[in-house]
*Asks:* 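To start, I am sharing the structure in question, which I have written as structure tokens.
Every chain is numbered from 1 and lettered A, B, ... according to where its sequence line falls, protein lines coming before strand lines.
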Amino acid sequence: MTRHHVAGTDAFESDGDRVNVDVRGREVTVFRYDGDYHALLNYCVHQGGPLCEGSLTGRNTLGDDGWEWVYEDDRKYVNCPWHGWRFDVTTGVSPDDERYAVPTFDVAVEDGEVYVEL
Amino acid sequence: MSTEGTTRSGTGGPGSLDDLELLVDADSHVTESLDDILPYMDDRHRGIREMIELSDMPMSDVFSITAPTPIFAYNNQSDDVEVFGGEAGPAGKLEMMDEHGIDYSVINPTLTAVLNTVNNTRVAVALARAYNGYMLDNFVDADERLKVTVMVPPQKPSIAAEEIDRHAGERDVVGVFVPTAGLVPPPGHEMYDPIYEAAEDHDLPVVFHSNTGAVHRAFPVVHNWTESYALEHALMHPFTHMWYLASMVFEGVPVKFPDLDFVFSEAGIGYVPYTLWRLDDHYLEMPHDVPALEQLPSEYVREQFHFSTQPLGHTARNGANIARMIEMIGPELVMYAADMPHPDFDLPGELFDRIRGGLDGETTAGVMGDTAAEVFGI
């Protein structure tokens, strides 16, 4: 496990900001969500698309009445630009089928600098 | 069409139909006519009955059946097989079953199956109740081998639920028949929830069955350009099922009614793997539109849906394809159906001969009868 520099925390001004880095041939994207940092491999397990370049959204869920659509967790999910498969940026797991997940990496923040470990 | 040697009175021996302990026709039909069911119309609906009797053209004045060319117009090769009318009673049904070794039949309507073409909701309700009265008097308790479904008028779900409550306790009532030909809105709509609630309460599966003659209700534009009955018949059964299966799953009907079983009949099974693959990828690619779902559409289907096999289509070139098709769907979801006496029926051998080499004995027995017995509580 090696620590790789991503960017300064000033590159992540608000939730939804992200920085993509190449770590010895592997593209890794660090997202800021709810004040924390999360790293995902920029690779969709569906057909190999550049997942982490996709839009960040919340998701519709069913309301308590079982009918209403309720939008929640804005910018928690990254949607692959190729086919729209989506993954939770905090876990790498698809909210639609937990058998699908993209690799995640630990993130460390020290002295205002963000690092990924892989 | 199968011939001698594929029936249970044939040659016997290992791997023959004779070895099956149970053979169930999951989609058989009564060939009721208006004359058959009108006497069973409730006296409270006498005005409706007399109105229908006064019509010279009830197929267009009461129902609004429109076919591009006449239904089965050229299928007059036998006086014994008629689409409407004919041997409508239990004796004729049992005779056919005995001839082909069928132990049990689940009997669905023919004419009344196009109930959605009845514009007047009160008339539709009266006809559905009359049909159920006719079946109650003629088929229920007639013979333990004859099972029937309760016809419900989708136009009036509250009364549909009452019909289910009224008949569910009868010994030979094994399911709820939702006429799906021309069902608008499609069956995923919440207006139908009372039907599903009642069926679930009584532990009865809900059977979805399309028909021609009613296509214009749901597919009006293409119907206007359909120039033959053959074209309409070929496409509208599977099109309806694909549309309605998608409607039900994407609208979360199986999520709302997790203990309910659904049966899709009379479109064959070839459309099923394709539809499920398509629904699964749409679930994963457009998840914002289907928040009711928590797993793949095919997984809901695997848990709660069944499909009957008739009409298999022209499979003679490579019968093993049917076995593969059944494996793709999941053998436990597939039930043999004959569709007798309609003129595109599949005798037991039509299916059995083609799958016995490709599926093991237990799986084959499941498809030919055991699964249907379980689903319908036979």
Side-chain angles (χ1 to χ4, degrees), chain A residues 15-16 31 33 38 40-104, chain B residues 157-158 161 185-201 246-260 262 273-305 330:
Chain A
D15 283 347
F31 296 90
Y33 175 75
H38 305 275
L40 269 62
L41 190 67
N42 183 22
Y43 181 88
C44 183
V45 296
H46 175 217
Q47 291 187 19
L51 171 68
C52 295
E53 296 169 24
S55 62
L56 285 165
T57 64
R59 62 190 285 246
N60 283 330
T61 59
L62 282 196
D64 291 339
D65 63 359
W67 177 81
E68 190 184 16
W69 288 5
V70 178
Y71 193 75
E72 62 181 32
D73 297 332
D74 192 28
R75 290 183 290 199
K76 193 181 185 195
Y77 303 96
V78 61
N79 302 270
C80 182
W82 279 10
H83 300 95
W85 282 38
R86 63 185 181 181
F87 298 86
D88 184 329
V89 298
T90 68
T91 63
V93 177
S94 164
D96 304 306
D97 190 329
E98 63 183 16
R99 289 167 296 195
Y100 295 113
V102 294
T104 59
Chain B
S158 59
H189 195 279
E190 63 176 339
M191 72 175 269
Y192 303 114
D193 283 359
I195 297 174
Y196 304 138
E197 280 165 17
E200 195 177 51
D201 284 349
S247 159
M248 294 182 66
V249 173
F250 278 2
E251 290 303 317
V253 174
V255 180
K256 279 191 277 188
F257 303 98
D259 297 324
L260 193 51
F262 306 102
Y274 169 77
T275 304
L276 298 186
W277 294 335
R278 194 158 172 80
L279 296 189
D280 280 356
D281 77 10
H282 278 62
Y283 167 72
L284 289 166
E285 294 181 0
M286 305 174 192
H288 293 288
D289 276 354
V290 283
L293 305 191
E294 293 175 346
Q295 59 183 4
L296 294 173
S298 63
E299 291 174 315
Y300 289 107
V301 169
R302 193 167 300 126
E303 290 165 4
Q304 289 179 252
F305 288 69

*Asks:* Please tabulate the donor-acceptor pairs under 3.5 angstrom that span chain B and chain A, backbone and side chains included.
*Replies:*
| residue | atom | partner | partner atom | Å |
| --- | --- | --- | --- | --- |
| B:Tyr283 | OH | A:Asp96 | O | 2.4 |
| B:His288 | O | A:Asn60 | ND2 | 2.8 |
| B:His288 | ND1 | A:Arg86 | NH1 | 3.3 |
| B:Glu299 | OE1 | A:Arg99 | NH2 | 3.3 |
| B:Glu299 | OE2 | A:Arg99 | NH1 | 3.1 |
| B:Glu299 | OE2 | A:Arg99 | NH2 | 2.6 |

*Asks:* Taking only residues two or more places apart in sequence, or in another chain, which ones meet B:Ala161 in a side-chain contact (heavy atoms from CB on, under 4.5 Å)?
*Replies:*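 Residues passing side-chain contact (heavy atoms from CB on, under 4.5 Å) with B:Ala161: B:Pro194, B:Ala198.
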*Asks:* What's the shortest heavy-atom distance between A:Gly84 and B:Pro287, and which atoms?
*Replies:*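 Taking A:Gly84 first and B:Pro287 second, the nearest heavy atoms are O-CD, 4.1 Å.
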